[in-house]
Amino acid sequence: MTDTKSDNYYIGLVDKLVKDRDLPDEGLISVLLCDAPGFSEHISKKARQVREKIYGKDVYLRGLIEFTNYCKNNCKYCGIRNGNKNAKRYRLSEEDILLCTDMGYELGFRTFVLQGGEDPFFDDEKIVSIVKKIKQHHPDTAVTLSIGEKEKNSYQRFYDAGADRYLLRHETADKDHYESLHPENMSFDHRMNCLKDLKEIGYQVGCGMMVGSPGQRPEHLIKDLRFIQKFKPEMVGIGPFIPHHDTGYADDNPGSVDMTLRLLSVIRLMLPEVLLPATTALGTLDPKGREKGIEAGANVVMPNLSPVGVRDKYLLYDNKICTGDEAAECIRCMSLRVEKTGYHVVESRGDHISFIR
C-alpha cells in the first residue's frame, strides 16, 4: 500500500478494529466501502493473523446433508419456496440420512449438518429419532441442525436428543428489509426470538445474512454487524445473494464477492473466536471463492454429502456448484483447494473454542 494520508487512515481503522474489536458506524462503513489499492489484502492478512492465534492453520469440515426441499414458507428470494411449482420435490428417508452419515464418517467427517426446508413431514419425533441414531452410530461427532424456525420446546427436544449446533440465518437485522423479503405470515421478531431461545438452551448457534440481497443498503449491513456483535454467535454464515430463475428477483444482480470477503474479515476481527464458513455461494460466483474466503479469515468448509441424485433439486439459487460430485470427490477436491491456501483440513468436530472441554 502506498504511504498516503488516505491509506494511513484506513490502516488506522483496521488497527483499531483489531485492538478494540469495534469501530463507530462511520468507521465500519468506511472499512466496508474502501477501495484503496492493497486494502483488501491488508484487512484479509489481519483477519488471518487473528484466526491463526486461536485456530492455527486448521480448517474444519462439515458434511452437509440436504434431506428435504419441501418448505411451508414462501420467502421471496428462495428457489425451494412453497410457491415454486416448478421445484422437483424430494425427501430423504431416515435410512438414507444414516447412510450419508456412515459414508461421511468413513471419509473423515466429524460434523454432520442436516439442512432442509421447513417441512412439516419431519415433525419433532422424526428429527429426534434421526439425531439420536446419528449419535448412537457415531458418538464422537457433532450434529448441526438447519431446519428453520421452531418453538422453544422443539429446540429443547432436539438438544436433549443430542443435537449440538443450530444454524438459523437472521437474513437481515433490519425489520423493514426483512419484511420486504418475506411473506406477511413470517415474523422478524419471531426469528430473532428463535435465535435467543437457541442460545438459552445451550446450542452452539449460527446466524448470518445474505450479502447484496434486494433492497440492501450499507446501513443494513451495519445493523447486521451490530446484531452479530451483540448476539455473539458461535458461527456466522454469510454468502452473496444469488437470484433464482423461479422467483421475482430472477433479473436482479447477484451480491458482491468482494463485499462478502470484506465482511468475512470484519466479522473475524470483531469476533476472533467465531467459526466462519467459506460458503458454496462464494464458490458459485467465483471459481476460487471458497479459497478467497479462507484467505479472508474463514475456517470452515461444507462439502455436500447428499446423494448425488437429489443435489440438483436442492437449489436455493441458480448455478449451484458441486451438484454432480460424489462425496469422496468433494472432500478430495476441497482438501486440495484448502492446501493451496496454506491451510489444511483436519479430522475434527471443529467446535467453537468456548465449547472445547
Side-chain angles (χ1 to χ4, degrees), residues 9-36 39-40 42-51 54 167-181 188-189 191-192 194-196 198-199 204-241 255-279 281-282 292-293 295-300 352 354:
Y9 169 73
Y10 290 116
I11 289 172
L13 288 177
V14 175
D15 289 344
K16 180 172 174 55
L17 187 54
V18 172
K19 178 176 177 288
D20 298 340
R21 304 184 183 182
D22 194 15
L23 285 173
D25 287 358
E26 60 270 21
L28 284 174
I29 288 179
S30 293
V31 167
L32 291 180
L33 300 182
C34 176
D35 60 358
F39 182 76
S40 291
H42 177 73
I43 192 170
S44 292
K45 182 179 179 180
K46 292 294 185 181
R48 292 195 300 272
Q49 290 172 349
V50 166
R51 64 76 59 95
I54 299 164
L167 304 178
L168 181 65
R169 282 189 175 188
H170 66 277
E171 301 297 7
T172 171
D174 183 271
K175 185 172 184 177
D176 290 340
H177 188 216
Y178 180 92
E179 290 175 351
S180 76
L181 297 171
F188 173 82
D189 293 333
R191 199 171 195 89
M192 290 300 186
C194 285
L195 286 164
K196 177 174 172 284
L198 290 162
K199 266 278 195 183
Q204 296 180 54
V205 183
C207 62
M209 66 280 193
M210 294 181 291
V211 179
S213 58
Q216 187 181 72
R217 302 189 300 273
E219 54 264 37
H220 294 147
L221 292 174
I222 298 303
K223 281 191 174 183
D224 288 320
L225 291 173
R226 293 303 181 207
F227 168 70
I228 290 167
Q229 185 180 41
K230 182 178 180 181
F231 184 62
K232 293 182 172 58
E234 285 73 33
M235 304 164 283
V236 177
I238 67 170
F241 164 76
S256 163
V257 169
D258 289 342
M259 179 59 77
T260 305
L261 297 172
R262 184 68 54 84
L263 282 160
L264 285 172
S265 295
V266 169
I267 292 167
R268 172 63 64 196
L269 296 179
M270 294 179 83
L271 295 177
E273 297 177 348
V274 74
L275 293 163
L276 206 54
T279 60
L282 265 177
K292 291 178 180 179
E295 290 169 345
N299 64 335
V300 171
H352 188 273
S354 66

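Given the structure is predicted, the values throughout are model-derived calculations rather than measurements.
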With a 4.5 Å limit on heavy-atom distance, are the side chains of [X] and [Y] in contact?
{"X": "Lys292", "Y": "Leu264", "value": "no"}
{"X": "Met210", "Y": "Thr172", "value": "no"}
{"X": "Ser40", "Y": "Arg262", "value": "yes"}
{"X": "Glu295", "Y": "Leu261", "value": "no"}
{"X": "Ser256", "Y": "Val211", "value": "no"}
{"X": "His170", "Y": "Tyr178", "value": "no"}
{"X": "Pro233", "Y": "Ile228", "value": "yes"}
{"X": "Ile29", "Y": "Glu26", "value": "no"}

To the nearest 0.5 Å, atom CZ of Phe39 lies from atom OG of Ser265 at 9.0 Å
Output the distance between atom OG1 (Thr279) and atom CG (Leu282), rounded to the nearest 0.5 Å.
4.0 Å
Of all the heavy-atom pairs spanning [X] and [Y], show the shortest one and how long it is.
{"X": "Leu32", "Y": "Ile222", "result": "CD1-CD1, 4.1 Å"}
{"X": "Leu195", "Y": "Phe227", "result": "CD1-CZ, 3.8 Å"}
{"X": "Ala47", "Y": "Gly297", "result": "CB-CA, 4.1 Å"}
{"X": "Ser213", "Y": "Leu181", "result": "OG-CD1, 4.1 Å"}
{"X": "Leu17", "Y": "Met270", "result": "CD1-CG, 3.8 Å"}
{"X": "Ala173", "Y": "Phe188", "result": "O-CZ, 3.5 Å"}

Does [Y] offer a backbone N or O that forms a donor-acceptor pair with the side chain of [X] under 3.5 Å?
{"X": "Arg21", "Y": "Leu269", "result": "no"}
{"X": "Asn299", "Y": "Leu276", "result": "yes"}
{"X": "Arg268", "Y": "Ala296", "result": "no"}
{"X": "Gln216", "Y": "Gly255", "result": "no"}
{"X": "Arg191", "Y": "Glu171", "result": "no"}
{"X": "Gln229", "Y": "Leu225", "result": "no"}
{"X": "Glu234", "Y": "Val274", "result": "no"}

Would Glu273 and Ile54 count as a side-chain contact (heavy atoms from CB on, under 4.5 Å) here? Give the steps.
CA-CA 7 Å; Glu273 297 177 348; Ile54 299 164; 3.8 Å; yes
For Asp189, is there an ion pair with Lys175 - N to carboxylate O distance below 4.0 angstrom?
yes
Stepwise side-chain contact (heavy atoms from CB on, under 4.5 Å) check, Glu219 with Asp174:
CA-CA 9 Å; Glu219 54 264 37; Asp174 183 271; over 6 Å; no
Can you name the one residue among Arg226, Lys16, Lys230 that meets salt bridge (Lys or Arg N to Asp or Glu O under 4.0 Å) with Asp22?
Arg226
Are there more than 12 heavy atoms of other residues, nucleotides or ligands under 6.0 Å from atom NZ of Lys199?
yes
Assign the ring pair His177 / His220 to parallel, tilted or perpendicular, where the plane angle (0 to 90°) is split at 30° and 60°.
parallel
Given Gln204 and Met235, is the side-chain contact (heavy atoms from CB on, under 4.5 Å) satisfied, shown in steps?
CA-CA 7 Å; Gln204 296 180 54; Met235 304 164 283; 4.3 Å; yes
